[in-house]
Amino acid sequence: MLDTKINHQLVEILQTDLLKWFEKAKRDLPFRRTRDPYFIWISEIMAQQTQIDTLIPFYNRFIDSFPTVFSLALAPVDEVIKAWEGLGYYSRARNLHQAARIIVADYDGLMPDNFAELIKLPGIGPYTGGAIASIAFNEPVSAVDGNVLRVISRFCNSFADIGDAKTKKQMTRWIESILPEAAGDFNEALMELGALICTPQSPKCLLCPIRSGCQSHTAGTTGQLPVKKKKTKQLTRKMEVGIVTQNDCLFFVRRPDAGLLSGMWSFPIVETTVGNGQDIKKKLGENFPELNEPIFIGTSRHVFSHIIWEMSVYRFNLDSMVSETASHPYFISALGAPQSDHQTAFKALPQIDDLALPVAFSKLLALLKNAD
DNA sequence: GAAGCGTGGTC
DNA sequence: TGACCAAGCTT
């Protein structure tokens with residue numbers, strides 16, 4: 001149970017000293033140099049489950065490619081996904097693109113200026129809606145992310161499970177009850193404190209501007225907070241990957257439009273129990289009636305949020321296959337027979353950059369290079 | 001309420 | 001290495 005019945009003097013510290021510290025200590029971030037709700041929106045979507053240092057180069061490239069909501073709405077979705085390549089959680093990019101089209105179609109290209117409208121857009125939930133509304137429009141709403149849950153848990157010495165939806169609602173309501181005039185700055189300040197000072201491990205309490213009001217600091221319980229249920233361990237899956245090469249071309253397939261890495265480009269990959277390359281060879285038979293035996297070129301382990309792939313990678317070289325003309329029969333059959341749930345394509349090495357390739361696969365290119 | 005959904009960093 | 005975590009949202 002969240003106990004926020006702390007006295008007015010402590011709330012005063014939270015409001016005043018935190019804002020004072022933020023003004024002085026806040027990082028100079030590209031999206032802090034603007035109040036344009038479009039840029040705030042892009043940055044907040046990228047910030048979901050992603051550390052700020054990681055997203056900055058993505059952010060700069062993204063707004064360079066899509067400087068307005070119109071340019072984003074009019075872009076092919078594959079270009080938007082490509083700009084997201086390497087950032088993960090790719091449904092964020094699809095939702096961003098979809099939302100841009102809605103904003104152009106239904107809002108004359110103007111970002112909705114309030115929380116209630118914002119959270120109707122795909123990809124914008126309670127946190128992101130609160131962040132955009134408060135930062136870009138100074139609407140008096142909170143923006144409760146993992147940082148805020150941690151900071152408030154510690155400040156109030158609350159042992160309520162922050163993974164519990166009820167706890168999040170209580171904190172949201174409580175913060176909104178003490179929200180100062182500068183709502184956006186206050187929300188950002190809470191997050192900045194969580195990112196720089198009130199960190200999950202080894203919090204820098206000696207440098208904390210609100211230490212004197214922190215109830216867990218007084219109680220000596222900061223190290224135990226916040227309380228959070230453990231995630232279940234990822235299941236490991238044995239996979240076989242087939243890299244089909246022909247001269248300077250590699251063979252890719254597009255993944256199904258639902259599930260893990262949906263719609264992204266991929267090397268052919270199957271789950272296996274054996275692990276000798278025959279399972280992926282059989283799968284490749286759909287596109288290549290004749291194949292040489294698989295050539296093992298290495299293993300790779302990739303950790304996702306909820307599963308782990310242990311990949312054995314095999315190369316199938318078509319250079320030596322009988323190819324009577326320059327028309328490359330295997331090339332034609334691959335392009336001419338797309339499956340119902342995925343597309344296929346040969347791409348010459350220099351053109352790989354056109355496809356949005358997840359890290360799980362792009363890192364396999366090193367194995368191919370080493371094999372040569 | 002719980003599970004699905006990426007990647008990189010840290011200790 | 002493994003465990004944990006990061007400015008969450010959707011189904």
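Quick note on labels: first sequence line is chain A, next is B, and so on, each numbered from 1.
Between Phe252(A) and Phe267(A), the ring planes lie parallel to each other; the angle is under 30°, not in the 30° to 60° tilted range.
Remark: P of dC5(B) and CG of Leu235(A) are 12 Å apart, rounded to the nearest angstrom. Between the C1' atom of dA2(B) and the NZ atom of Lys166(A) lies a distance of 17 Å, rounded to the nearest Å. Atom NZ in Lys230(A) sits about 17 Å away from atom P in dA2(B), given to the nearest Å. Summarising the geometry, the separation between CD1 on Ile81(A) and P on dG6(B) is reported as 10 Å, rounded to the nearest angstrom.
Within the nucleic acid shown, Ile124(A) comes within 4.0 Å of sugar-phosphate atoms alone, with no base atom in reach, counting heavy atoms only.
When the nearest nucleotides of DNA chain B are assigned to Gln48(A) and Ser202(A) by heavy-atom distance, the more 5′-ward of the two goes with Gln48(A).
Closest non-hydrogen pair, Arg94(A) versus Met264(A), comes out as NH2-N, 4.2 Å.
Applying the 4.0 Å criterion to OP1 and OP2 of dT7(B), one finds that Ser305(A) has every side-chain N and O outside that range. Between Lys228(A) and dA6(C) there is a side-chain N or O to OP1 or OP2 distance below 4.0 Å. OP1 or OP2 of dG8(C) sits under 4.0 Å from a side-chain N or O of Gln49(A). The phosphate of dC5(B) has OP1 or OP2 within less than 4.0 Å of a side-chain N or O from His306(A). Between Tyr90(A) and dT7(B) there is a side-chain N or O to OP1 or OP2 distance below 4.0 Å. The shortest distance between the side-chain N/O atoms of Arg301(A) and the OP1/OP2 oxygens of dG2(C) is below 4.0 Å. The side chain of His302(A) places an N or O atom within less than 4.0 Å of a non-bridging phosphate oxygen (OP1 or OP2) of dT7(B).
The side chain of Tyr127(A) sits closest to dC9(C) out of dG6(B), dA6(C), dC9(C). If you check dA6(C), dA7(C), dC5(B) against the side chain of Gln51(A), the one that comes closest is dA6(C). Side-chain proximity of Gln201(A) to dC5(C), dA7(C), dC9(C): nearest is dC5(C). The side chain of Ile52(A) sits closest to dA7(C) out of dT7(B), dG6(B), dA7(C). Closest to the side chain of Asn95(A), out of dT10(C), dA7(C), dA6(C), is dT10(C). Taking only side-chain atoms of Asp164(A), from C-beta outward, the nucleotide of dC5(B), dG1(B), dA7(C) with the closest atom is dG1(B). Among dC5(C), dT7(B), dC9(C), the nucleotide with an atom closest to any side-chain atom of Phe304(A) is dT7(B). Closest to the side chain of Ala165(A), from the set dG1(B), dA7(C), dA6(C), is dG1(B).
Using atom C1' as the reference point in both dA6(C) and dG1(B), the two lie 22 Å apart (nearest Å). Comparing the P positions of dA7(C) and dT10(B) gives an interatomic distance of 14 Å, to the nearest angstrom. Of the P atoms belonging to dG8(B) and dC9(C), the separation is 22 Å, rounded to the nearest Å. Straight-line distance between the P atoms of dC4(C) and dA3(B): roughly 16 Å, to the nearest whole Å.
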Exercise for the section: Could you give me the CA-CA distance, side-chain angles and deciding distance for Met311(A) and Ser300(A), then say whether side chain to side chain contact (heavy atoms under 4.5 Å, CB included) is met? Expected result: CA-CA 5 Å; Met311(A) 294 175 276; Ser300(A) 179; 3.9 Å; yes
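Side-chain N/O atoms of Arg92(A) and base N/O atoms of dA7(C) include no donor-acceptor pair closer than 3.5 Å. Residue Thr50(A) places no side-chain atom within donor-acceptor reach of the base of dG8(C), judged by atom type and a 3.5 Å distance cut-off alone.
Other residues, nucleotides and ligands place no more than 12 heavy atoms under 6.0 Å from the CD atom of Glu181(A). Atom CZ of Arg33(A) sits in a sparse spot, with 12 or fewer heavy atoms from other residues, nucleotides or ligands closer than 6.0 Å.
Separation of atoms CG (Asp185(A)) and CD (Glu23(A)) is listed at 7.0 Å; rounding is to 0.5 Å.
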